[in-house]
Trainee: 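Take a look at the following structure, please.
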Amino acid sequence: MNLIKVIDSHTGGEPTRVVIDGGPDIGSGSAADLRERFKNDHDSFRSAVVNEPRGSDILVGGLLVEPKDQTCEAGVIFFNNVGMLNMCGHGLIGFVATLSHLGRIQPGKHSIETSVGLVSTQLHDDGQVSFENVPSYRKAKSIKLEVEGYGEVTGDVAWGGNWFFLIKDHNLEIDFENVDELTQFTWNVRKAVNANGYQEVDHIEMFAAPENPENNSRNFVLCPGKAYDRSPCGTGTSAKVACMAEDGLLQRGEVWRQESITGSVFEGSYRVEDGKVIPSIKGSAFVNGESTLILNPADPLCWGIDSQVNM
Ligand code: PYC
């Protein structure tokens with residue numbers, strides 16, 4: 001039997017499960033190297049931690065690792081129901097809240113090593129967390145796609161730590177009651193964008209007017225494993241900020257309040273360094289579980305029910 005210690009949290013409704021003890025031995029190296037080793041040799045462990053019957057399609061996992069860069073407080077590798085994630089904004093906020101819960105950090109600045117680079121985080125006195133993301137940018141503007149069942153859809157391809165296709169113009173309501181339709185639409189968009197030369201895009205993000213007038217926008221984000229993000233998506237908000245910066249629609253330091261379909265909010269802003277947009281994202285996470293997972297090889301579902309997502 002393997003005993004795996006985990007801390008669960010949610011960030012604006014989106015859950016994160018951080019493995020703090022009992023994970024596989026993946027040796028030492030940068031978070032990018034460890035991510036590859038974890039991906040190639042320990043995929044069943046990933047599935048055991050996040051998939052049913054212990055987890056669910058919306059759960060994002062984080063493996064706490066020793067950072068190679070000794071200036072960092074910790075390293076983390078993110079994964080989900082179908083594979084590995086690059087960066088994960090809500091996951092990073094949950095990770096910092098987890099380190100705080102464990103007493104490993106106090107309010108202040110802390111660097112964290114991720115598989116796409118170092119990110120600087122700040123735990124605020126009131127428990128909120130902000131982080132400066134990796135440089136974010138738009139790769140392609142106003143790409144037109146023919147989307148099955150919906151006709152022509154226009155959007156931008158952008159990087160915010162994950163790859164996104166961002167859609168402003170559509171006729172759908174971003175509302176809880178409409179989640180099935182939003183999922184179908186964004187899934188068809190994903191198929192179209194991948195078939196049109198953007199294989200790397202695995203997150204689809206659409207925008208509408210906010211429900212709360214204090215916010216700037218409401219979004220719906222479809223994640224790679226076909227679950228939708230309950231939070232406003234940290235990497236998605238970073239991609240949005242990068243596009244708006246390029247269009248002159250958001251100035252340096254100006255705050256963009258991104259509301260999710262659940263009503264939770266991230267504040268996004270940016271600075272420019274060496275000509276690159278460096279987004280900052282601020283949000284809150286709450287630890288809501290501390291438990292030991294039991295991996296019993298006699299259990300036929302010990303390694304989880306693999307999420308079946310057919311493109
Ligand atoms: O917050 O960046 C994010 C994220 C990615 C996938 C789910 N959440």
Side-chain angles (χ1 to χ4, degrees), residues 8-18 31 35 46 49-51 55-63 76-98 112 114-117 119 121 128-136 158-166 179 182-183 186-187 190 200-207 217-243 256-268 270 278-286 307 309:
D8 286 346
S9 62
H10 82 89
T11 309
E14 184 76 352
T16 307
R17 172 168 288 170
V18 179
R35 175 195 194 270
R46 172 196 62 75
V49 170
V50 292
N51 281 336
S56 76
D57 279 356
I58 71 165
L59 188 55
V60 165
L63 181 68
V76 62
I77 297 168
F78 291 114
F79 49 94
N80 68 5
N81 56 334
V82 289
M84 306 303 296
L85 278 166
N86 292 303
M87 238 297 278
C88 180
H90 94 268
L92 188 67
I93 293 172
F95 184 72
V96 170
T98 295
I112 307 288
T114 75
S115 62
V116 287
V119 285
T121 69
Q128 288 193 86
V129 176
S130 47
F131 68 91
E132 274 205 336
N133 202 354
V134 294
S136 300
W159 168 257
N162 287 301
W163 282 106
F164 287 82
F165 187 75
L166 300 97
V179 158
L182 293 166
T183 301
T186 45
W187 191 248
R190 173 158 172 205
E200 66 277 30
V201 172
D202 58 2
H203 290 73
I204 310 296
E205 180 167 16
M206 46 195 296
F207 300 91
S217 156
R218 185 175 183 86
N219 71 5
F220 175 86
V221 180
L222 192 74
C223 297
K226 216 174 177 181
Y228 70 92
D229 198 333
R230 275 66 172 165
S231 85
C233 193
T235 50
T237 303
S238 298
K240 173 74 176 166
V241 160
C243 292
W256 176 260
R257 289 178 56 86
Q258 184 65 61
E259 174 185 290
S260 72
I261 189 162
T262 66
S264 55
V265 175
F266 285 167
E267 288 182 356
Y270 71 97
I278 316 282
S280 285
I281 304 293
K282 188 176 188 188
S284 302
F286 295 88
S307 284
V309 180

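As the structure lists them, so they are numbered: ligands from 1, and atoms in each ligand from 1.
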Trainee: Which atoms of ligand 1 sit under 4.0 Å from any heavy atom of T235?
Mentor: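 The atoms of ligand 1 under 4.0 Å from a heavy atom of T235 are 2 (O), 3 (C), 5 (C).
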
Trainee: Any donor and acceptor pair, going by atom type alone, linking the side chain of T16 with main-chain N or O of T11 inside 3.5 Å?
Mentor: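 No.
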
Trainee: So is D229 polar-close to ligand 1, meaning N/O to N/O under 3.5 Å?
Mentor: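 Checking ligand 1 against D229, an N or O pair does fall under 3.5 Å apart.
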
Trainee: Quick one, I281 and S130 - any side-chain contact, counting heavy atoms below 4.5 Å?
Mentor: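 The answer is no, as the side chains (C-beta and beyond) never meet within the 4.5 Å cut-off.
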
Trainee: Do V50 and N80 have side-chain heavy atoms sitting under 4.5 Å apart?
Mentor: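 They are not in side-chain contact.
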
Trainee: Please check whether G89 reaches ligand 1 - meaning an N/O of the residue sits under 3.5 Å from an N/O of the ligand, judged on distance alone.
Mentor: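 Yes; the residue has a nitrogen or oxygen that sits under 3.5 Å from a nitrogen or oxygen of the ligand.
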
Trainee: Pairs of nitrogen or oxygen atoms closer than 3.5 Å, one from E14 and one from ligand 1: do any exist?
Mentor: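 Looking only at distances, the answer is no, because the N/O contact criterion of under 3.5 Å is not met.
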
Trainee: Give yes if a backbone or side-chain nitrogen or oxygen of G234 is under 3.5 Å from a nitrogen or oxygen of ligand 1, and no if not.
Mentor: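 By distance alone, the answer is yes.
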
Trainee: Distance under 4.0 Å to a non-hydrogen atom of H203: what atoms of ligand 1 satisfy this?
Mentor: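 Every atom of ligand 1 under 4.0 Å from some heavy atom of H203: 5 (C), 6 (C).
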
Trainee: Is any side-chain heavy atom of N86 closer than 4.5 Å to a side-chain heavy atom of R35?
Mentor: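 They are in side-chain contact.
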
Trainee: Determine the interplanar angle of the F78 and F95 rings, folded into 0 to 90°, and report it as parallel if under 30°, tilted if 30 to 60°, perpendicular if over 60°.
Mentor: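 F78 and F95: perpendicular rings.
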
